[in-house]
Amino acid sequence: MDYLREQGFTVTEEVSVGTLLIRFKMDQGVPAKAFSCHTGVVNGYAPEGHVPAADIRQLLAERPEAVGLAVPDMPYGSPGRGAEDSRDAYDVLLIRRDGELEIFTSYPAA
């Protein structure tokens with residue numbers, strides 16, 4: 001959340017755990033295969049996990065028919081997860097409304 005605030009997003013926090021958190025993710029349309037640690041809502045889209053701000057901005061600019069973006073598995077070097085200059089390779093996935101996932105952006109290992 002600090003990262004998103006630093007990137008200019010207005011962030012509010014609601015702590016939810018267990019079945020309430022899972023229900024929230026499902027209500028937003030995030031399929032279980034895309035679950036990560038954090039779920040947000042921004043202008044009708046659900047970013048799931050440590051999604052880079054640039055990808056959220058691109059999503060909002062393009063407005064695809066989608067649920068949102070996901071970065072499953074909390075990869076090292078994704079926003080808020082350690083130094084970007086020594087990150088693990090990871091993909092940001094676009095969550096289609098039918099639950100299918102496709103690569104939106106790829107970040108190579110650094």
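Start at 1 with the first residue, then count along the sequence. If you're wondering where the values come from, they're calculated on a predicted model, not measured in any experiment.
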Any donor-acceptor pair under 3.5 Å from Glu48 side chain to Ser36 backbone: yes
Exercise: identify the closest heavy-atom pair between Arg96 and Val67: O-CG2, 3.8 Å
CG on Asp55 to CD on Glu62, rounded to 0.5 Å: 10.0 Å
Intermediate values then yes/no, side chain to side chain contact (heavy atoms under 4.5 Å, CB included), Leu59 and Val51: CA-CA 11 Å; Leu59 177 77; Val51 178; over 6 Å; no
Enclosure of Glu14 CD (heavy-atom neighbours >12, cutoff 6.0 Å): no
Criterion side chain to side chain contact (heavy atoms under 4.5 Å, CB included) on Arg81 and Asp88, from CA distance to verdict: CA-CA 10 Å; Arg81 292 283 301 145; Asp88 295 334; over 6 Å; no
Stepwise side chain to side chain contact (heavy atoms under 4.5 Å, CB included) check, Leu94 with Ile103: CA-CA 6 Å; Leu94 181 69; Ile103 295 174; over 6 Å; no
Side-chain heavy atoms of Glu84 within contact of Pro79, under 4.5 Å: no
Any donor-acceptor pair under 3.5 Å from Arg97 side chain to Ala66 backbone: yes
Mutual orientation of the aromatic rings belonging to Tyr90 and Tyr107 [parallel < 30°, tilted 30-60°, perpendicular > 60°]: parallel
Greater than 12 external heavy atoms within 6.0 Å of Gln7's CD: yes
Spacing of CG belonging to Asn43 relative to CG belonging to Leu60, to within rounding of 0.5 Å: 5.5 Å
Side-chain donor or acceptor of Tyr3 paired with backbone N/O of Ala53 under 3.5 Å: yes
Asp27: side chain to side chain contact (heavy atoms under 4.5 Å, CB included) partners, not counting sequence neighbours: Arg23
Flag side-chain contact, heavy atom, 4.5 Å: Ile95 against Leu69: no
Distance-minimising heavy-atom pair for Pro72 and Pro75: O-CD, 3.5 Å
Interatomic distance, Met74 atom CE to His38 atom NE2 [nearest 0.5 angstrom]: 6.0 Å
Arg5 vs Asp2 side-chain heavy atoms within contact, under 4.5 Å: yes
Contact check, side chains of Cys37 and His50, non-hydrogen atoms, under 4.5 Å: yes
Side-chain donor/acceptor of Asp98 to backbone N/O of Glu100, under 3.5 Å: yes
Members sharing Leu21's hydrophobic cluster (side chains within less than 4.5 Å): none
Heavy-atom pair with the smallest gap, counting every atom of Gln28 and Val41: OE1-CG2, 3.5 Å
Donor-acceptor contact below 3.5 Å, side chain Tyr45 vs main chain Gly40: no
